[in-house]
Amino acid sequence: MADLQKFLDELRAKVSIVDVVGDKVKLVRKGREYQACCPFHNEKTPSFTVNEAKGFYHCFGCGAHGDIIKFEMEANGLPFMDAVEKLAHKAGLEVPRLTHENKAELEKKNSLYDIMEMAVKFFEKCLRLPEGQRAMEYLSRRGFDDAIIAKFRLGYAPGNNGLLALLKSKGVSERDMSDLGLVSLAENNTSKRTFDFFRDRVIIPIFDKRGRPIAFGGRIMGDGQPKYLNSPETPIFNKRRVLYNLNNARDKAFEAKRIIICEGYMDVIAMDKYGFHYAAAPLGTALTEDQIAEAWKICNEPTLCFDGDGAGIKAAIRSVDRALPILKPGYSLKYVFLPEKMDPDEFLKAHGAEEFQKQIDTTVPLKDLLWRKNFENRPLDTPEQKALLESDLKEEVAKIADPTVRGYYIQEMKDRLYFEVGQGVRRKMQRSGEFQPRRDYGGYRKANGRNSFAPQLSVVVRPKRVLDEQIVKFVIAAMIFCPELIAEYEEKMADFEIKDAKLRALFDALIQIGMDEPEADCDKVLECLQKAGQGKEVDVLWEFKMLRLQKTPVLKLREEINTKIAEVQLKMLEQEMKECLKEIDNAPDFPNEAFKRYESLKKEKEAILSEAVSG
């Protein structure tokens with residue numbers, strides 16, 4: 001029966017065979033498979049394997065083999081329907097009623113695959129005939145050689161109802177052809193005649209994980225719409241559950257410990273041509289929960305590769321919405337957005353495999369895309385706007401069903417609100433010139449130096465870190481010698497306290513010059529400092545004289561400043577982390593706030609170390 005078969009396919013897709021077998025025996029992961037001592041015969045050395053991606057178990061000792069349904073039957077002594085009902089209860093599904101007609105349909109299912117195989121061979125043959133010359137030329141222009149054509153079994157559908165005639169000659173009923181999406185009634189067809197569903201198109205066969213043909217994609221060669229045409233839903237094809245090329249990509253993906261999911265099957269074929277044999281694609285729909293679950297059976301963090309245009313970004317955002325509710329510990333998604341609005345096929349042709357490898361090695365984690373989805377291009381000038389951002393983020397994170405993952409996402413978004421919204425507002429105020437830092441009382445004053453004091457936005461709970469006087473002198477000297485460093489290090493220096501009043505006044509004067517004269521060179525800065533009454537302080541700054549004498553390059557200055565500031569930051573962070581750990585150890589109950597503070601400090605330390613290494 002069609003309904004029962006769809007149900008069984010859904011059951012196999014939603015229930016993990018690792019979970020089912022794991023309830024009976026202890027499984028140990030070994031590479032791409034799981035191993036255990038066989039539950040069906042006595043053994044001391046494990047020879048029983050479970051393959052999550054393929055959905056079956058196999059014992060090399062006794063030959064036991066099957067899927068989740070057969071395992072339930074044999075391991076627990078259950079009849080077929082009892083095993084199905086048990087698994088359905090596990091998945092929260094309702095079993096359809098099984099009738100005599102259902103059984104007959106179930107037995108007929110294999111013949112449907114045979115019909116699809118006949119169609120594949122027909123399309124392959126037509127590609128090599130004179131009528132398929134235009135299709136062959138199109139594939140050649142795409143860069144697909146005979147090896148690629150053979151591997152993906154590409155073909156051509158003529159416009160003469162040849163498939164309908166062939167299948168009729170083989171005794172296939174029009175009902176079966178229609179059920180499989182191979183034929184259809186033509187529009188405005190008053191005679192009720194059937195026609196080939198695919199006509200005058202390059203054909204891309206679609207296979208299930210076992211390599212059986214289940215559907216087709218058709219690509220038009222000239223102008224016209226739709227450019228791509230996919231088979232409709234059939235008794236053996238549910239496009240929401242199938243990833244194109246998973247039958248070929250699965251083993252290579254295990255080896256590479258990576259699977260790339262791109263937008264279309266032509267991209268998949270192009271990537272395979274360039275040596276990326278672990279790519280797959282959804283079929284005419286946005287990536288679904290079932291397809292994500294299929295990819296997770298191979299790789300814990302599939303890489304989603306999207307075109308760098310607006311449509312690609314929208315597709316990525318939709319995948320975030322689909323993934324959030326089903327995230328679980330250790331399983332997520334990561335993203336690549338190709339530059340210049342290119343798709344993988346275009347990028348590979350323009351830049352080659354080596355540059356493409358660099359692109360897919362630089363990924364964006366799902367958590368970053370979730371933040372960007374809500375944070376970018378929205379006003380955050382008022383408390384109400386910032387509160388709305390926080391509310392939207394809470395609503396997004398609440399979609400995550402797993403409580404552990406949800407808890408970490410809550411903390412992640414809180415940290416980002418703190419560091420990127422709180423401190424970002426303060427820095428935006430400084431850059432705009434509306435307020436400038438005034439470190440003698442830790443607040444802000446009007447840029448013209450008059451009128452009232454406006455208190456600093458309270459986002460930093462720790463006291464300002466103090467820079468050693470020699471470091472401050474070096475940074476100031478570098479800013480005078482290379483004025484482009486003023487804007488670069490204004491923000492970093494705002495996080496530190498300068499205790500010496502003369503140095504603080506000289507630094508503030510430099511910041512003001514950077515705002516008033518952003519294109520100033522060294523001589524112009526010296527002139528402005530002289531007018532600001534800071535000439536004497538510069539004259540005694542021997543660090544500046546040394547830099548000028550040695551003509552130190554700006555790259556060297558950046559490196560030394562970054563190193564000096566990082567050393568101070570790390571030293572202070574280590575001290576604060578020790579204090580947090582002491583508070584945690586001495587607390588009678590688990591101190592959530594101290595732990596969160598410790599985790600935040602640890603992330604900050606990791607970020608500083610990462611920046612130091614990359615820099």
Side-chain angles (χ1 to χ4, degrees), residues 8-78 80 83-84 86-93 207-212 241-243 245-261 277-278 280 289-303 323 326-334 401-402 404-405:
L8 294 178
D9 289 342
E10 182 178 7
L11 192 64
R12 293 184 181 99
K14 290 197 172 182
V15 180
S16 165
I17 192 168
V18 170
D19 292 342
V20 172
V21 178
D23 288 341
K24 198 75 175 178
V25 295
K26 183 179 180 181
L27 294 171
V28 177
R29 182 145 198 173
K30 297 289 185 181
R32 72 186 68 179
E33 296 179 333
Y34 293 81
Q35 289 186 350
C37 288
C38 181
F40 303 117
H41 78 285
N42 293 325
E43 62 177 5
K44 293 182 180 180
T45 303
S47 61
F48 182 84
T49 63
V50 177
N51 190 310
E52 174 79 289
K54 297 179 180 179
F56 67 73
Y57 63 89
H58 180 80
C59 179
F60 292 93
C62 68
H65 181 93
D67 61 6
I68 54 171
I69 299 173
K70 189 174 181 182
F71 184 85
E72 281 292 350
M73 293 171 65
E74 296 188 352
N76 298 303
L78 298 175
F80 175 78
V84 170
K86 180 179 178 181
L87 292 169
H89 179 74
K90 188 181 185 78
L93 300 174
F207 301 89
D208 65 11
K209 290 187 294 183
R210 294 168 60 180
R212 299 176 300 187
R241 295 189 191 135
V242 177
L243 283 171
N245 195 46
L246 199 58
N247 58 306
N248 289 321
R250 184 178 53 217
D251 290 341
K252 294 296 183 181
F254 273 121
E255 292 174 12
K257 297 180 180 178
R258 162 185 277 162
I259 184 168
I260 300 175
I261 300 176
H277 305 302
Y278 38 81
E289 295 88 338
D290 289 332
Q291 290 165 338
I292 294 171
E294 281 296 326
W296 277 346
K297 291 177 182 178
I298 296 171
C299 172
N300 288 17
E301 285 190 291
T303 300
I326 59 174
L327 292 179
K328 53 187 178 180
Y331 291 84
S332 187
L333 301 173
K334 50 189 179 181
D402 186 279
T404 305
V405 177

Taking atom NZ of Lys252 and atom CG of Asn245, what is their separation to the nearest 0.5 Å? 12.0 Å
Could I get the full list of side-chain contact (heavy atoms from CB on, under 4.5 Å) partners for His65, not counting sequence neighbours? Phe56, His58
Are the side chains of Glu294 and Lys209 in contact, using a 4.5 Å heavy-atom criterion? yes
Listed by chain and number, what are the side-chain contact (heavy atoms from CB on, under 4.5 Å) partners of Phe40, not counting sequence neighbours? Cys38, Phe48, Tyr57, Cys62, Ala64, Phe71, Glu74, Ala75
When you measure from the side chain of Gln35 to the backbone N and O of Ser47, does any donor-acceptor pair fall under 3.5 Å? no
Does any non-hydrogen side-chain atom of Ile69 lie less than 4.5 Å from one of Val84? yes
Using a strict threshold of under 4.0 Å (side-chain N to carboxylate O), is an ion pair present between Asp9 and Arg241? no
I'd like to know if the side chain of Asn247 and the backbone of Arg250 have a donor-acceptor N/O pair within less than 3.5 Å. no
Pairwise distance CG(Asp251) to CG(Leu246) - rounded to 0.5 angstrom: 10.0 Å
So how far is it from Leu327 CG to Thr404 OG1, rounded to the nearest 0.5 Å? 12.0 Å
Contacts of type side-chain contact (heavy atoms from CB on, under 4.5 Å), residue Asn300, not counting sequence neighbours: Tyr331
Any side-chain heavy atom of Ile261 sitting closer than 4.5 Å to one from Leu333? no
So the salt bridge (charged side-chain N to carboxylate O under 4.0 Å, His left out) pairs with at least one residue in residues 13-27 (sequence neighbours excluded) are Glu10-Lys14, Asp23-Lys90
CG of Leu93 to CG of Leu87, rounded to nearest 0.5 Å, is 10.0 Å
Partner set under side-chain hydrogen bond (donor to acceptor under 3.5 Å, both in side chains) for Lys86, not counting sequence neighbours: Glu72
Separation between CD1 of Ile326 and CD of Glu289, rounded to the nearest 0.5 Å: 5.5 Å
Sort and list the pairs that fulfil salt bridge (charged side-chain N to carboxylate O under 4.0 Å, His left out) and have at least one residue in residues 52-63, not counting sequence neighbours. none
Closest non-hydrogen atom pair, Asn51 against Glu33: ND2-OE2, 3.4 Å
Examine distances only and state if a side-chain atom of Trp296 and a backbone atom of Ser332 form a donor-acceptor pair shorter than 3.5 Å. yes
